[in-house]
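What follows is one structure encoded as structure tokens, with my remarks underneath.
Just so we're on the same page: letters track the sequence lines, and every chain starts at 1.
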Amino acid sequence: MTGMLALYIFMLAAFTGYEVIARVPVILHTPLMSGSNFVHGIVLVGAMVALGHAHGPLELTIGFIGVVLGAGNAVGGYVVTERMLEMFKSSGQNKNKGAH
Amino acid sequence: MNMTSDNTARLLIDASYLLVAFLFIMGLKQMSSPVTAKRGILWAGAGMVIATAVSFAYPGMSNYILILAAIGVGSAIAWVTGKRVAMTDMPQMIALYNGMGGGAAAAIGAVELFSGEVHDTVALTLAVVGSVIGCVSFSGSLIAFGKLQGLIKKSYRFGGQQFFNILLVLGIIACGALVAMGGASTAITSTLFGLALLLGLTMTLPIGGADMPVVISLYNALTGLAVAFEGFVLQNAAMIIAGTVVGSAGTLLTQLMAKAMNRSLGNVLFSGFGDTGGATSTQAVTGSMKAIEANDVGVMMAFAQKVIVVPGYGMAVAQAQHKVWELTQLLQDRSVTVKFAIHPVAGRMPGHMNVLLAEAGVPYDIIADIDEINAEFETADVALIIGANDVVNPVARTDKSSPIYGMPILNADKAKNVIVIKRGQGAGFSGIENALFYLDNTRMLYGDGQAAVAQLIHSVKALG
């Protein structure tokens with residue numbers, strides 16, 4: 001992948017992010033922020049590659065910490081987002097459950 | 001490994017990353033509607049699993065056991081904490097996980113820079129920028145976590161703090177430039193990371209709790225950017241796409257938050273208003289606060305036609321959301337129309353109130369945001385304010401000298417009766433006197449949020 005091509009990807013992804021989030025109702029701000037928090041957990045992949053190519057105790061230690069943190073970001077982000085979205089229900093759904 | 005199998009692995013990885021990017025973007029898109037949101041996180045989750053699995057096939061990798069162990073440790077910690085955390089503590093957990101992502105991005109940068117294997121100036125520069133942003137996001141998010149968790153109680157400020165921050169930034173630029181030119185010593189590289197971590201601390205420590213929605217959202221965007229920059233260094237398309245999408249989406253969300261407070265991002269970061277203010281307000285508030293008994297409020301609400309509930313951070317602190325929903329159902333049974341009015345920055349993270357009300361079981365179609373509900377206050381018999389303060393302060397409309405002047409507020413003062421549930425007579429977290437409390441149509445119901453609503457439930461039930 002050439003540097004120029006990477007810049008094209010960068011630009012298009014930036015517009016995509018903007019368009020995807022624009023016009024989102026306030027009710028979903030938290031799950032959306034939490035969801036995007038989960039998505040940047042992709043950093044795990046980079047940390048794996050960095051640790052996979054690391055040599056010497058310093059690089060190995062930092063790499064290990066990186067993978068721990070990255071995995072934490074991905075898993076934690078997923079768990080809390082999923083929990084929050086689980087709770088959002090409309091009036092109809094509430095009644096169907098016969099809750100009240 | 002020979003060349004052919006390397007190429008096959010590359011092709012497999014690149015093809016998978018294309019699918020991963022698609023799943024992430026579609027997942028986020030679906031998360032922008034309450035109906036499809038659950039499917040959205042599942043799609044994004046599937047993308048993450050695929051990305052992680054194929055990354056083991058990267059050519060020239062070793063240390064597999066370490067990698068698996070690290071994934072195990074990180075996942076286990078995050079899984080347990082994520083499952084256990086109470087809904088009211090969600091803002092700090094999101095801040096924490098976000099900080100972990102920033103730290104991971106910084107760690108990637110550190111491994112690349114310390115290894116001395118990156119020589120291209122562009123790649124070195126991107127590694128430096130990504131590392132610095134990652135460090136700031138890491139230490140800043142940890143401070144945000146500490147503040148929201150109540151571990152850090154005060155907002156630390158010292159004379160010349162802005163000056164000190166500027167010095168830090170200059171130091172980071174100097175060290176960063178040296179590292180980016182290549183061949184920098186380990187000491188300089190270490191200093192770069194140290195300064196960047198310090199900047200995250202000094203930037204976040206002075207910011208008050210009320211500004212946390214903006215801060216959390218900002219660090220989320222920053223982590224996204226850091227991930228994208230490290231993705232450039234590693235030539236990893238999935239990281240570039242996912243990181244950039246989050247970076248731009250997070251920036252937009254941050255702007256929305258700042259706009260809802262009628263302040264610029266710079267003002268939030270550098271004015272330290274979040275828990276001071278007050279002293280600057282010159283317009284004296286006249287009149288007195290008038291107390292009311294829970295029984296009288298119960299009767300007033302039971303015989304109302306329309307009640308609008310305005311929740312704020314105080315509801316979260318008192319864990320009153322379940323009682324509020326119980327009260328709502330009682331009123332609905334008496335054919336009272338009940339709606340919830342949510343200010344964009346109520347609480348400690350974007351959409352905080354919506355999450356709490358959803359947890360209690362309040363259906364999202366009776367929850368309205370500021371633009372939908374503001375015209376309806378005039379037709380409401382009762383506006384019930386639970387733990388909200390600045391977001392209903394009419395001073396924002398009238399007093400040009402007030403720090404919150406110009407901030408869009410919920411027009412609770414336009415309701416026929418305003419009931420404010422409040423712990424005591426003091427000013428709110430911003431220290432600004434709330435003119436709403438002194439209005440003729442306002443009555444104060446003193447007490448803990450949960451206990452007060454429980455009394456209301458009792459008195460409505462007593463009416464039969």
Side-chain angles (χ1 to χ4, degrees), chain A residues 1 3 6 9-10 13-14 16-18 20-21 24 26-27 29-37 39-43 45-52 54 58-59 62-82 84-85 87-91 94 100, chain B residues 24 28-29 31-32 34 37-38 41 45 48 51 55 58 61 63 67 70-71 73-75 78-79 82 93-94 97-98 100-101 103-105 107-108 110-111 115 220 223-224 227 230 232 234-235 238-242 244-246 248-249 252 329 344 350-351 354-355 358-359 363-365 369:
Chain A
M1 185 167 38
I9 297 178
F10 184 77
T16 308
Y18 194 90
V20 164
I21 303 286
V24 168
V26 177
I27 167 174
H29 276 173
T30 294
L32 201 66
M33 189 182 67
S34 170
S36 60
N37 180 24
V39 165
H40 67 52
I42 189 71
V43 70
V45 166
M48 285 167 63
V49 174
L51 177 56
L58 177 67
E59 287 173 39
I62 299 174
F64 186 83
I65 296 171
V67 176
V68 170
L69 293 175
N73 182 183
V75 173
Y78 182 85
V79 172
V80 296
T81 310
E82 207 259 334
M84 279 191 278
L85 290 175
M87 300 179 319
F88 284 100
K89 297 196 167 61
S90 68
S91 297
N94 265 359
H100 294 285
Chain B
F24 279 169
L28 277 177
K29 180 74 202 158
M31 263 185 253
S32 58
K38 265 218 75 183
I41 185 67
M48 192 67 77
S55 298
Y58 246 89
M61 294 261 284
N63 307 326
I67 295 176
I71 293 179
V73 172
S75 307
W79 180 272
M93 285 321 284
I94 293 177
Y97 297 140
N98 177 53
M100 292 174 98
I108 296 171
V111 171
S115 74
N220 187 36
T223 302
V227 171
E230 299 305 339
F232 278 110
L234 296 173
Q235 301 266 304
M239 282 173 72
I240 300 178
I241 296 172
T244 312
V245 166
V246 174
S248 76
L252 179 66
Q329 287 170 307
N354 301 92
V355 171
E359 183 203 12
Y364 58 74
D365 37 19
D369 67 23

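Residues that satisfy the side chain to side chain contact (heavy atoms under 4.5 Å, CB included) test with A:S34, not counting sequence neighbours, are A:V80, A:T81, A:M84, B:I94. For A:F64, there are no ring pair (Phe, Tyr, Trp, His ring centres under 6.0 Å) partners, not counting sequence neighbours.
The backbone N or O of A:L51 sits less than 3.5 Å from a side-chain atom of B:N63, completing a donor-acceptor pair. Distance alone, capped at 3.5 Å, is enough to place a donor-acceptor pair between the B:S248 side chain and the A:Y18 backbone.
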Worked check of side-chain contact (heavy atoms from CB on, under 4.5 Å) between A:I9 and B:I241 | CA-CA 7 Å; A:I9 297 178; B:I241 296 172; 3.4 Å; yes
Evaluate side-chain contact (heavy atoms from CB on, under 4.5 Å) for A:V39 paired with B:V245, printing each intermediate quantity in order.
-> CA-CA 9 Å; A:V39 165; B:V245 166; 5.9 Å; no
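Counting heavy-atom pairs under 4.5 Å between each of A:T16, A:I62, A:L32 and chain B puts A:I62 at the top. Ranked by non-hydrogen atom pairs under 4.5 Å with chain A, the options B:M31, B:M48, B:M93, B:K29 are led by B:M48. With chain A as partner, the option from B:A249, B:A70, B:A78 having the largest number of non-hydrogen pairs under 4.5 angstrom is B:A70. Contacts with chain B were tallied for A:P31, A:G72, A:A50, A:G77; A:G72 has the most, counting heavy-atom pairs under 4.5 Å. Heavy-atom pairs under 4.5 Å with chain A peak, among B:G224, B:G101, B:A51, B:A37, at B:G101. With chain B as the partner, the residue from A:V49, A:I42, A:V79, A:V20 showing the most heavy-atom pairs under 4.5 Å is A:I42. Listed options A:G41, A:S36, A:G66, A:A54 were ranked by heavy-atom pairs under 4.5 angstrom with chain B; first place goes to A:S36.
For the residue pair B:A104 and A:V43, the shortest heavy atom distance occurs at CB-CG1, 3.8 Å. Residues B:I240 and A:A6 come closest through the heavy atom pair CD1-CB, 4.2 Å. Between B:M61 and A:M48 the shortest heavy-atom distance is CE-O, 3.7 Å.
Only the side chain of B:D369 has a heavy atom closer than 4.5 Å to any heavy atom of chain A. Neither the backbone nor the side chain of B:E230 comes within contact range of chain A; no heavy atom of the residue lies under 4.5 Å from a heavy atom of that chain. Using a 4.5 Å cut-off between heavy atoms, B:I71 contacts chain A through both its backbone and its side chain. Contacts between A:L58 and chain B at a heavy-atom distance below 4.5 Å involve the side chain alone, from C-beta outward.
Distance check: A:H40 NE2 to B:T223 OG1 gives 4.5 Å after rounding to the nearest 0.5 Å. Between the CD1 atom of A:I65 and the CE atom of B:M100 there is a distance of 11.5 Å, given to the nearest 0.5 Å. To the nearest 0.5 Å, atom OH of residue B:Y97 and atom OH of residue A:Y78 are 14.0 Å apart. The CG atom of A:N37 lies 5.0 Å from the CG atom of B:N220; values are rounded to the nearest 0.5 Å.
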